[in-house]
Protein chains: 2
Amino acid sequence: MNEDLFKCLSDLNRRRILYCIGRQEMCVNSISECLELEQSLVSHHLKELYTCGLVTRERRGKKNYYRVSQKQVIALLESAKELGDSLKVCKSD
Amino acid sequence: MNEDLFKCLSDLNRRRILYCIGRQEMCVNSISECLELEQSLVSHHLKELYTCGLVTRERRGKKNYYRVSQKQVIALLESAKELGDSLKVCKSD
DNA sequence: ACTAAATATGAATAGCTGTTCATATGAACG
DNA sequence: CGTTCATATGAACAGCTATTCATATTTAGT
């Protein structure tokens, strides 16, 4: 399975999932409802995120709770977004 | 064409090109030789990097000189690398 | 043990992406 | 203008990736 960080972050839905569970842990169903994505799709993406080490999981009862493994993950997303905006501004000059 | 920053950075050869021209501007041939990649491949990648605004170019004579548009680009690559290493370490615990 | 809930998995597939090859474009110079 | 150097472009293709659908697995409760 893919372990490249950038490849893993290059998918919008995976980034949305990361933002979604960035503040608090969430189970698969909640993520699925929150983002309006199919449960199986969320599961597939979570697997990749997990393989990359970007998220951790914890089983409690029937549910599997996922969370972002490190705060630097979101920080990286943020600075990438900032850079992206900056690049757009420069192009419109 | 693709304008997503992460998608653009997700390719290893494009990242290699960015590192290559991170310190000084370089023409296509030099990049090509330096990284041992086909000229046309480098050209294709540079086009994507340019579309994203990650690089700028300047024609001088026959040659086209490319450089990284902002120092934050390399900074982002660096912090991503750091995070990647950190994730690997955590997984081997 | 049976059932229901929650999640994971696998196969199938359509669309995308990186690479190569061949060729076109442009710029300098005799 | 013709030639050469430097780069860009386009078509073609193989391999990858995201998504969906169907189904399996796991866990808890009765």
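Just so it is clear, the model here is predicted, and its values are computed rather than measured. In what follows, chains carry the letters A, B, and so on, assigned in the order in which the sequence lines appear, proteins first and then strands, with residues in each chain numbered from 1.
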Taking only nitrogen or oxygen atoms into account, show me every contact under 3.5 Å that the protein makes with nucleotides 9-15 of chain D, one pair per line with its distance.
unit_1 : atom_1 : unit_2  : atom_2 : d
D:dG10 : O6     : B:His44 : NE2    : 2.8

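Listed by first and then second residue, the salt bridge (Lys or Arg N to Asp or Glu O under 4.0 Å) pairs that reach into residues 72-87 of chain A come to none, sequence neighbours excluded. The side chain to side chain donor-acceptor pair (under 3.5 Å) pairs that include a residue from residues 19-32 of chain B are B:Glu25-B:Arg60, B:Glu25-B:Arg67, where partners are two or more places apart or lie in different chains.
Remark: A:Cys27, A:Val28, A:Asn29 in residues 26-34 of chain A come within less than 4.0 Å of DNA chain C through at least one heavy atom.
The phosphate of D:dT7 (OP1 or OP2) has no side-chain N or O of B:Arg59 nearer than 4.0 angstrom. An OP1 or OP2 oxygen of D:dT19 is reached within less than 4.0 angstrom by a side-chain nitrogen or oxygen of A:Asn13.
By the side chain to side chain contact (heavy atoms under 4.5 Å, CB included) test, B:Glu33 pairs with no residue at all, sequence neighbours left out.
With values rounded to the nearest 0.5 angstrom, A:Arg57 atom CZ is found 14.0 Å from A:Cys27 atom SG. Atom OG1 of A:Thr56 and atom OH of A:Tyr66 lie 9.5 Å apart (nearest 0.5 Å). Residue B:Ser86 holds its OG atom at 3.5 Å from CD of A:Gln70, rounded to the nearest 0.5 Å. Of the inter-residue distances, the one linking A:Met26 atom CE with A:Leu46 atom CG reads 10.5 Å to the nearest 0.5 angstrom.
Looking at heavy-atom distances under 4.0 Å, A:Tyr66 makes contact with sugar-phosphate atoms alone, never a base.
Along DNA chain D, the nucleotide nearest to B:Asn64 and the one nearest to A:Ser10 differ in position, and the one closer to the 5' end is contacted by B:Asn64.
Taking atom CD of B:Glu36 as the reference point, atom P of C:dT20 lies 13 Å away to the nearest angstrom.
Taking hydrophobic clusters as Ile, Leu, Val, Met, Phe, Trp and Tyr residues chained together by side-chain heavy-atom distances below 4.5 Å, B:Tyr65 does not share a cluster with B:Ile74. Hydrophobic clustering places B:Leu54 together with B:Leu35 (ILVMFWY residues linked when any side-chain heavy atoms are closer than 4.5 Å, directly or through intermediates).
Between A:Arg16 and A:Asn13, some side-chain heavy-atom pair lies under the 4.5 Å cut-off.
With the end axes of the helix from C:dA1-D:dT30 to C:dG30-D:dC1 each set by five pairs, the angle from one to the other reads 10° at 10° resolution.
Checking C:dA28, D:dC21, C:dC21 against the side-chain heavy atoms of A:Glu38 singles out D:dC21 as nearest.
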